[in-house]
Amino acid sequence: MSSHSVDENPTECVKSVDASCSVSENDAYDFSRLPDRPRNLNMDRDRQRSFDERSLDLPCFSPPMSSRADNISRIDHFESLPFSPALRSGFDTPRSQFGHEGYPMMTEAWDALRRTMVYFRGKPVGTIAALDSSEEKVNYDQVFVRDFVPSALAFLMNGEPEIVKNFLLKTLRLQSWEKKIDRFQLGEGVMPASFKVMHDPVKNTETLIADFGESAIGRVAPVDSGFWWIILLRAYTKSTGDTSLADKPECQKGMRLILSLCLSEGFDTFPTLLCADGCCMIDRRMGVYGYPIEIQALFFLALRCALILLKQDAEGKEFVERIVKRLHALSYHMRNYFWLDFKQLNDIYRYKTEEYSHTAVNKFNVIPDSLPEWIFDFMPTHGGYFIGNVGPSKMDFRWFCLGNCVAILASLATPEQSNAIMDLIESRWEELVGEMPLKVCYPAIESHEWRIVTGCDPKNTRWSYHNGGSWPVLLWLLTAACIKTGRPHIAKRAIELIELRLCRDNWPEYYDGKVGRYIGKQARKQQTWSIAGYLVSRMMLEDPSHLGMIALEEDKQMRPPLRRSASWTF
Ligand code: GLC
């Protein structure tokens, strides 16, 4: 199977852009929409703010606002938190004013993270997935898009945006290559799962090689890569105040290409995105095909980020309109049909089946007999979560950590739902956090079901790897969700657990067992996103204003009722 190589002109990829002209373009855009805005605010803060307000001001997604007071009150509250990247001291060493000296693991983690940096023609462009030379490399020697996200956040939080900017520009260049699997050409907007730098010692050249799924085990499609790319572009913009990168015509085009893939019209009857198995962090056959929560939550967050970043020019305007419509439909669908709590479970348990027409209560014709036994014990009286998947006669009741945390960060979950997710984590701590945070999904599938669902996958045996394994990387997502819901003590508890073992165990990729007690069967050591995830969690807990990079406030105009009812039309 061939991979695609990119031989780039080094001067082209990291050209600096005149930030001032691009910024003034944006300010004009935003200020014209907010005529009463006080003019004496700090310019940098204004520039960053404008990015969040743009999403909140759009018609449809938010109906036009009536007063200036409204405008001001709807400014992203994360902006008012005191942190400013400009205040940072040195770039090479982690900042010391937050006193991480108290956490020796932070110093170890920074050293370990820096060793994973990948350079292309002298410039840092990403971090390698794992630095473990004891195991067969497979593709762990590549820069994965999803794996780079926590690294990128750590660098941004530490005032080192350059590597993130280079990464965004490099992957954008890769997107534009022709992508083929055998004789089939992939969509133009597809972003790679991973890439690596090839050195030719004879010619003394460096080339990039990317994998869009054509080399990946099982030929899985990295649906999440494009979404993470947009989310990271917004994190970069928010953190640095540099709007010139997102404003570049090639970045605008890259976003539009990603959006074209997921907003195109087809045969769909749902606003959720239909996916093949292994399309995300769980990149093997694990029964996540259909409408997996991880993708739906990332889709929602990426749409909201794109709404902030897209210019409303001739080409962008149409996308903005389509995004607004999709966000409405998607939030309604997810908040109603993916949501499960005690009452909802009881309703499903009593469902009638074979209902025809729009008056049906059991719209997806879920057969109560298909409810797994574990769910009745697992569901606490207080608490709830977005289930793994919903489709015709299908509800996958498994808990997936990443999708639920991203749903909180994106405000796909209402504040009540976000709190309920946190309640669930607290009351099911043993199951979802155990001895080593955090379970990628719960529960594991075993025996006959494992044979059917995974195709007898020996890596995904019960309570291992993607099948109920515990992944330290998920800690940063939990921490962010905890801070957003005002419950940092939950994150603190999880971080303290991680600090007992992660560094001592040499940063494993995942842990196995019901409570995550054992280093994973085939887990890589020195796994970069385990290192970076820890750093991001600690830094966010020390300075919660970092949360603004990765979280969005709820659009209050978009709140549907929580419960479904027979009278709603579908
Ligand atoms: C595994 C994980 C995937 C990750 C990759 C590199 O395949 O399932 O999510 O991106 O390793 O770390």
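As the structure lists them, so they are numbered: ligands from 1, and atoms in each ligand from 1. Please read all numbers here as calculations on a predicted model, not as lab measurements.
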Atom indices of ligand 1, in the order listed, that fall short of 4.0 Å to a heavy atom of Q527: 12 (O)
Atom indices of ligand 1, in the order listed, that fall short of 4.0 Å to a heavy atom of Y465: 1 (C), 7 (O), 8 (O)
Ligand 1 to W471 polar contact by distance, N or O atoms, under 3.5 Å: no
Under 3.5 Å: N/O of W529 near N/O of ligand 1: no
Please say whether more than 12 non-hydrogen atoms of neighbouring residues, nucleotides or ligands are located less than 6.0 Å from [atom1] in [X].
{"X": "E430", "atom1": "CD", "answer": "no"}
{"X": "K253", "atom1": "NZ", "answer": "no"}
{"X": "K137", "atom1": "NZ", "answer": "no"}

Students should be able to answer this: which protein heavy-atom is nearest to [atom], and at what distance?
{"atom": "atom 7 (O) of ligand 1", "answer": "D283 OD2, 2.8 Å"}
{"atom": "atom 5 (C) of ligand 1", "answer": "F144 CE2, 4.0 Å"}
{"atom": "atom 6 (C) of ligand 1", "answer": "D147 OD2, 3.2 Å"}
{"atom": "atom 11 (O) of ligand 1", "answer": "Y140 OH, 3.4 Å"}

Ring-face cation of K165 near F155 (centre distance under 6.0 Å, axis angle within 45°): no
Modelled atom types, side-chain donor and acceptor of Y534 and E499, under 3.5 Å: yes
F378 vs Y442, ring-ring contact (aromatic ring centres under 6.0 Å, His included): CA-CA, chis, key distance, verdict: CA-CA 10 Å; F378 180 70; Y442 179 89; 5.0 Å; yes
Among M281, H466, R524, E509, closest by any non-hydrogen atom to atom 9 (O) of ligand 1: M281
